[in-house]
Amino acid sequence: MKKTNRKMAFAAGALAMGLAAQPASAGWFDWLFGKSTDTYTQTKHPIVLVHGLSGFNKLFGVIEYFNGVPEALTESGAEVFVPQVSAANSTEVRGEQLLAQIEEYMAVTGAEKVHLIGHSHGGPTIRYVAGVRPDLIASVSSVGGVNWGTPVADAANNGALDGLGNFFFGLVDTFSGGGGLPQDTGAAIASLSTDGSVQFNAQFPAGMPSAYCGDDGAEVVDGVRYYSWGGNKISTNLLDVSDALLLVLKSSFDEPSDGLVPACSMKVGKVLGVDYAHNHLDQVNQLFGLVGRNTADPVELYRQQANRLKNLGL
Ligand code: CA
């Protein structure tokens, strides 16, 4: 499914080129009107956005994984970093890659801590970093996080897709300037499976509810604040071709999901809501901002979270 998805990304390349020249980029705006005085997202600590499986920071230098989110956060005062970790690898490998980049950001900026926001596999990935280095992390926000596994990974956890996956994720790495990050599809699928997640949670229990779908996850552990949000709707916009791809997997679920992850699996720490009418790609404002009407703007949820952290003095 992911492969087809990327094919569409190719096809939509021309469109993306146009979108890349988005109006009112912060630079132009600042130049014309002076620096924005809006401080809604002006957190004390920098915000680090961490992508999920098959993710990237920018594909072909154009298509952002977190579509429009870095700009929206930066415009109102946040300092934002978008690292790249292996598109497909274990939570631990991705976490170590992320930790190394966080240490670089801190060295460059002089920041004492960072806020982590991770989507999909990015959820467990940031929990790993907060688990091993809580002293560096102010908060963990898991968006559509695969925190208790997904039946989609359970179905693929037999090695059949590993060779094809490694080839494909290697391509993603190449086209997104990953610099040859190691890809291990089998390890990624194992991490995202229910068994793998339960094992990971035993090692990294911070913020996790005591039972599947519980709401009793601790909000603060070792000085790190934990939050989560996500969606439970699969098809949200008829114009978005990715919705049809997510619908293919619908039969994998016997509970509310966003098309790739059960809503219950998303819960960690303070649950801000896992019932937005967003599918798994809507959560990062894809494709190209096509989400449902009459629902929260996905980008606004990131802004609100930054504002929440800012108001806590973080
Ligand atoms: Ca969408």
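Whatever order the structure lists them in is the order used to number ligands and atoms, beginning at 1. Predicted model, so just to flag it, every value in this text is computed and none were measured.
Gln286 contributes O and Asp282 contributes OD1; the angle these two atoms make at the Ca ion (ligand 1) is 100°, rounded to 10°.
Of all the N, O or S atoms in Asp240, the one closest to the Ca ion (ligand 1) is OD2.
The distance from the Ca ion (ligand 1) to the nearest N/O/S atom of Leu290 is under 3.0 Å.
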Applying side chain to side chain contact (heavy atoms under 4.5 Å, CB included), run through Val85 and His51 and close with a yes or a no.
-> CA-CA 8 Å; Val85 297; His51 65 77; 3.6 Å; yes
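The CD1 atom of Ile189 sits 13.0 Å away from the OG atom of Ser90 when rounded to the nearest 0.5 Å. Here the CD-CG distance, from Gln183 to Asn89, works out to 7.0 Å after rounding to the nearest 0.5 Å.
In this structure, Phe66 and His119 have perpendicular ring planes: the angle between them is above 60°, well past the 30° mark.
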